[in-house]
Amino acid sequence: MCFLSRPGASASWSWWRMLRQVIHRGLQSFCYKLGLFVSRHPVFFLTVPAVLTIIFGFSLLNRFQSERDLETLVAPSHSLAKIERSLASSLFPLEQSKSQLYSDLHTPGRYGRVILLSKPGGNILHQADVILQIHRAVLEMKVNYKGYNYTFSHLCVLRNQDKKCVLDDIISVLEDLRQAALSNKTTARVQVSYPNTKLKDGRSSFIGHQLGGVMEVPNSKDQRVKSARAIQITYYLQTYGSVAQGLIGEKWENEFCKLMRKLQLDHRDLQLYSLASFSLWKDFHKSSLLAKGKILVSLLLILLTAMLSSSMKDCLRGKPFLGLLGVFTICISSITAAGIFFITDGKYNSTLLGVPFFVMGHGIKGVFELLSGWRRTRENLPFKDRVADTYSDVMVSYTMTSSLYFIAFGMGASPFTNIEAVKVFCQNMCVSILLNYFYIFSFFGSCLVFAGQLEQNRYHSIFCCKIPSAEYLERKPMWFQTMMSDGHQHTSHHETDPYQNHFIQHFLREHYNEWITNIYVKPFVVILYLIYASFSFMGCLQIRDGANIINLLASESPSVSYALIQQKYFSNYSPVIGFYVYEPLEYWNGTVQEDLKTLSRGFNTVSWIEQYYQYLRVSNISTTNKSDFISILQSSFLKKSEFQHFKNDIIFSKAGDENNIIASRMYLVARTSENTQKEVVELLEKLRPLSLIQSIKFIVFNPTFVFMDHYGLSVTMPVLISGFGILLVLILTFFLVIHPLGNFWLILSVTSIELGVLGLMTLWNVEMDCISILCLIYTLNFAIDHCAPLLYTFVLATEHTRTQCIKNSLQEHGTAILQNITSFLIGLVPLLFVPSNLTFTLFKCLLLTSSCTLLHCFVVLPVFLTFFPPSKKHHKKKKRAKRKEREEIECIEIQENPDHVTAV
C-alpha cells in the first residue's frame, strides 16, 4: 500500500507546485504590465497623486479638530465599570457625590485641586494661617463672562442640607488649628487623628486623601498626628451640561492655575502643585506641540540619509534625487491620508504622532526595493522595459507586505478593539497604507521613469546635464573628472555590472557576506541568539499593564508633577470605593449586619449603617423589627447635626403608611502602598465576584475603575487579533506561495522578533499601554517587510550550497534592508529629545523593532539558514545530471566525427 500511494502523492505535490508557479508568474506578469503602463503614461501618474494631495491637503487645514475627551480615547469602550457608573448615577447622582468618591486623577466634572507641600522637616499644620489665606484667595477669585463676575460660590457644588459649597473637611481642621493659635492654645489641644478625625461639629471625617506625609505620635491609641508634610484641597464645580456653564468653568480653572503659579512666587516656604479637569487633556495634547519641530528634523534627517544611501561615485547611475523623491512621495501620501481622515470627521489625538514613522518605515522600504530592482535590470534594455522588469521583480513582494499591513491594522480597527485610541490609529494606518501603495507605484514610479530616461540618454544624475565623453574628461582637472565620471570603463566589455559598485552592495559582497558565513563566526552568533532569547523570555514574564494616564503625557507637565507628588504623599489609601446596595435589605436583621461587616472587613469605612449601629448601642436602643429600625433612623439619628450628611446615602420610599429603604450606599477605603493602581485593580477583581455569590446585591464604583476595568485585556486584544490574522493568512497561503518553507521560516522569524521586542521593552520599563501595543502591531509587519524578500529569495535559490544561497540573498536584498533600517533609525533620534512620556515610549519601541529586525536579517537568519532546511542538494544533483548528460552527448559527437577532433 505504501508503494501504491507514492505516485498519487507525487502527482499531488507536482500539481501544487505547478499551481504555485502559475500564481507567481501571473502576479509577475500583472506587475510587469502595470510597470509598462506606468512607464508609457508617466505624466498622468505623476499628476493624479499631486492633485489629490492638493485637494485633501486643503481639507486638512480647514477641518482640523482635536479630541478633548480622554476617557473616550484611552478608557475601554465597553466595560462593566461604565454600566456600574450608570446604575450608581441613577441611584445617587455623581455630580452631588463626586466629593465623596475621591479619585486620584480621574475625578468627573470640573474641579480645581492643589497640593501644598512644606519644606523637608517642616510641619504643614503649623502653617494653617498661610494655607487659609491661599484658600480665601481661591474663594475670592473672580472670572468675567459677558460682563458678569463669577466667584467660586456661584459655581460650586452645593450641599443638600444647607445649600452651602462643598469643601474638604481639612479646611475645618485648619480653621480649628488657627483659632487655637490665636487664643494662645498649643496645637496639642486640637487633636488631629489620621486617617479619621473628629470635627468640631461632631462629625467623624476621613482625611486620608487630604493630609499626606503623616507621622503619628508614638504609641497613640487614637492615631494622633505628630506632623504632616502635605495637604491636598479640591474645589468642586457644578456641571449643568450647558455651553455657558462649561465656558465659565473652564475660565475659572484657567484662573485657578494662574493664581496658584502667582501664589507660589509669594510663598517661598511652600511648594504648590495645581491640577484642573482640563490639565490631563492639555498635557496630553502638549506632546504634539512639543514634537512638531522634532518631527520636521526627523524628516530632514531621513531625506538626507535616503539621498546619501542612494548615491554612487558613478554620476550616471547614482540616484540621490530618487531617494529624496521617495521620501517626498511618502510625505504627500500621508498628507492625503490625513485629509481623508479629517473629511470623515476624524479627530486628532497625540497617539497619531506614530503614524508618520510607521508609514515612513514601510514606504521607504518600497522605494529602496524599487531602486535595488532597477539596479538588477539589464542596462542595455530600453528604460520602459527596465521599469516594467523592476515592477515585475519588486511589486509582487511589496504588494504582499502591504496587504499584510492592511490586514493587521484592519484587525486592529475592528469592533474587537476596545480602546478607541487604538481603533482610530489603526483606521488611519489602513488609509495611509492604501494611499502609500498607490503613490509608490504611481508617483514614485513616474519619477523612476523620468530618471531612467535621463540615464539612458546619459544625463548627470544630479546636475541633469549631458555627461562629456571620455576624451573630453581626460583634458579636464581631477575634481571635474570625479564629478562628471560615469565610473564605467568603455575600453573593456568584460567588466562587472557597474551597479555592483554601490558602496553598500560592495561592502556586503566583498566583506560582510564572507565574514558572517565564516565557520568560526557561527558559534558566536548562536550564543548571541541564546542570550537574546533568554532576555526576551525573562522580559515576557514581567509584562505590566499601562493603565496609568501619565504614560501618555508630556513629561515636564504640571499633571505629571502633580501625579508624582500625589503618589508620594497620598498613596497610603486607595481611591474611595462607593459600595451601593441597590435592592431593599433587612438592615435590622442580625445576619444581614454580619454579612455587611464581613464585606467591609479590612476596609476603612465611611458608613451610615455602621454609625447607626454604634448610635443604637450607645443609646441602649434595641431595633428588632423594621418599623422601629426605620422610625428611629428617620426621627432621631438623621436629625442630629453630626449625622445629617448621611441623608444623601439612603433612598427611602413610602408605600401607604410604611417606609422602606430601597437603596443605600457606603464608602470603602483600603490601605495601599505606592503601587496604588495595581492594588485598586486587585480590589476590584476581588469585590466584583462577591456581589454574585453574596445574598446582598451590591455594586462597587469609583471613577478610576472606568480607566482600569480589564485594561490589560482590552489593550492587548488588538495585537493578539492582528497577530492571529497575519498567522492565519500565512498558513492559508502556505501552499500558494513559491515554497512552503518560505512561509514557515517567515512565521518563525516574525515570532522571534515580536517576542524579542515585547520582552526587551518590558525590561526597558515600557508598560502595555496603547502606544506600545500599536508598536507591537507594527513590529509584526516591519519584520515581515524585511524578512520576507530575504527568505523567499533564499528558498528559491538554485546554488549548490546554502551558504552561497544566503550570500546571494543578502547581495540582492541586503542593500534595501540596510538603507531602510538606517534611515528609520536616524529618523527616530529627534524623538529622544521630545520631553514627553508618549514619544519616549514610541522611541523605545520603534528602536527595539528596527534593531531586532536588523539583528535577524543580517546576523541570525544568515547563520541559521545554513544549518536548517531547505536543502540545496537536489539542485546540485540536477546540475550534475545535466553536466553528465552534456558530457555524454559530446562524447557521442566526438565518436561520430573523428575528423573534427583531428582538425581541432
Side-chain angles (χ1 to χ4, degrees), residues 70-71 73-76 79 104-106 280 283-284 287 349-351 353-354 412 417-422 425 535-557 559-564 566-568 571 575 672-685 704-720 722-723 754-780 831-832 834-849 852:
L70 267 185
E71 181 186 320
L73 277 178
V74 301
S79 66
D104 294 337
L105 295 174
H106 306 295
L280 293 178
D283 295 333
F284 174 67
S287 296
N349 66 82
S350 290
T351 60
L353 281 173
T417 300
N418 202 20
I419 304 291
E420 187 65 22
V422 176
F425 188 100
F535 277 96
S536 302
F537 180 72
M538 182 169 62
C540 290
L541 296 178
Q542 303 175 31
I543 295 174
R544 300 181 301 276
D545 291 343
N548 197 340
I549 192 69
I550 66 173
N551 292 336
L552 303 176
L553 307 181
S555 54
E556 297 177 1
S557 61
S559 299
V560 172
S561 302
Y562 190 96
L564 294 175
Q566 190 181 59
Q567 186 178 10
K568 183 175 181 180
S571 59
T672 56
S673 62
E674 282 196 20
N675 195 3
T676 308
Q677 193 170 30
K678 182 180 178 181
E679 295 179 16
V680 169
V681 173
E682 291 174 354
L683 279 174
L684 181 60
E685 292 175 352
T704 307
F705 293 171
V706 174
F707 291 82
M708 296 181 178
D709 194 9
H710 292 99
Y711 183 85
L713 179 61
S714 298
V715 81
T716 54
M717 187 59 69
V719 73
L720 295 176
S722 299
E754 182 77 2
L755 294 178
V757 172
L758 177 61
L760 294 175
M761 79 178 195
T762 304
L763 294 178
W764 204 356
N765 296 322
V766 176
E767 297 178 345
M768 295 293 283
D769 55 24
C770 55
I771 293 296
S772 56
I773 284 299
L774 289 167
C775 290
L776 287 175
I777 297 175
Y778 181 67
T779 300
L780 292 169
L831 284 182
L832 188 61
V834 180
S836 170
N837 296 332
L838 185 151
T839 53
F840 197 45
T841 299
L842 189 66
F843 169 79
K844 287 179 178 179
C845 294
L846 293 183
L847 177 65
L848 290 173
T849 296
C852 291

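Just so it is clear, the model here is predicted, and its values are computed rather than measured. Nothing fancy with the numbering, it's 1 onward along the sequence.
Nearest heavy atom pair, residue A75 against residue V706, reads CB-O, 3.6 Å. Here the shortest heavy-atom pairing between M761 and C845 reads SD-SG, 3.8 Å. The two residues D283 and S557 come nearest to each other via the heavy atoms CG-CB, 3.3 Å. A pairwise comparison of heavy atoms in K844 and N765 identifies NZ-O, 4.5 Å as the closest pair. In terms of heavy-atom proximity, A554 sits nearest to V560 at O-CG2, 3.3 Å.
Judged by distance alone, the side chain of T417 and the main-chain N or O of G412 form a donor-acceptor pair under 3.5 Å. The backbone N or O of P76 sits nowhere less than 3.5 Å from a side-chain atom of N418 that would complete a donor-acceptor pair.
Remark: the S836 side chain and the S287 side chain contain an N/O donor-acceptor pair separated by less than 3.5 Å.
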Between S571 and D104, does the side chain to side chain contact (heavy atoms under 4.5 Å, CB included) criterion hold? Intermediate values first, please. CA-CA 9 Å; S571 59; D104 294 337; over 6 Å; no
Check the pair M708 / L684 against side chain to side chain contact (heavy atoms under 4.5 Å, CB included), numbers first and verdict last. CA-CA 9 Å; M708 296 181 178; L684 181 60; 5.6 Å; no
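The line from OG of S559 to CG of L553 is 5.5 Å long, rounded to the nearest 0.5 Å. Rounding to the nearest 0.5 Å gives a distance of 11.5 Å between CG of L780 and SG of C775. Rounded to the nearest 0.5 angstrom, F840 CZ and L832 CG are separated by 6.0 Å. We find the CZ-CG distance between F535 and L760 to be 8.5 Å, quoted to the nearest 0.5 Å. Summarising the geometry, atom OG belonging to S555 is positioned 10.5 Å from atom CG belonging to L564; distances are rounded to the nearest 0.5 Å. Rounded to the nearest 0.5 Å, atoms SG (C540) and CD (E754) are 9.5 Å apart.
F537 is listed as a side-chain neighbour of L541, based on a closest heavy-atom distance under 4.5 Å. With a 4.5 Å cut-off on side-chain heavy atoms, M768 and T762 do not count as touching. Looking at I777 and P718, their side chains come closer than 4.5 Å, going by heavy atoms from C-beta outward.
Evaluated for a side chain to side chain contact (heavy atoms under 4.5 Å, CB included) with I771, the options N551, N837, T839, L838 yield exactly one hit, L838. The side chain to side chain contact (heavy atoms under 4.5 Å, CB included) with V74 is formed by just one residue from the set D769, I549, T351; it is I549. Results of the side chain to side chain contact (heavy atoms under 4.5 Å, CB included) test with V757 over V766, T849, L847 single out T849 as the only residue that passes.
The ring-ring contact (aromatic ring centres under 6.0 Å, His included) test applied to F707 returns H106, not counting sequence neighbours. Residues satisfying the salt bridge (Lys or Arg N to Asp or Glu O under 4.0 Å) criterion with E71, sequence neighbours excluded, are R85. Evaluation of the ring-ring contact (aromatic ring centres under 6.0 Å, His included) rule for F284 yields no partner, not counting sequence neighbours.
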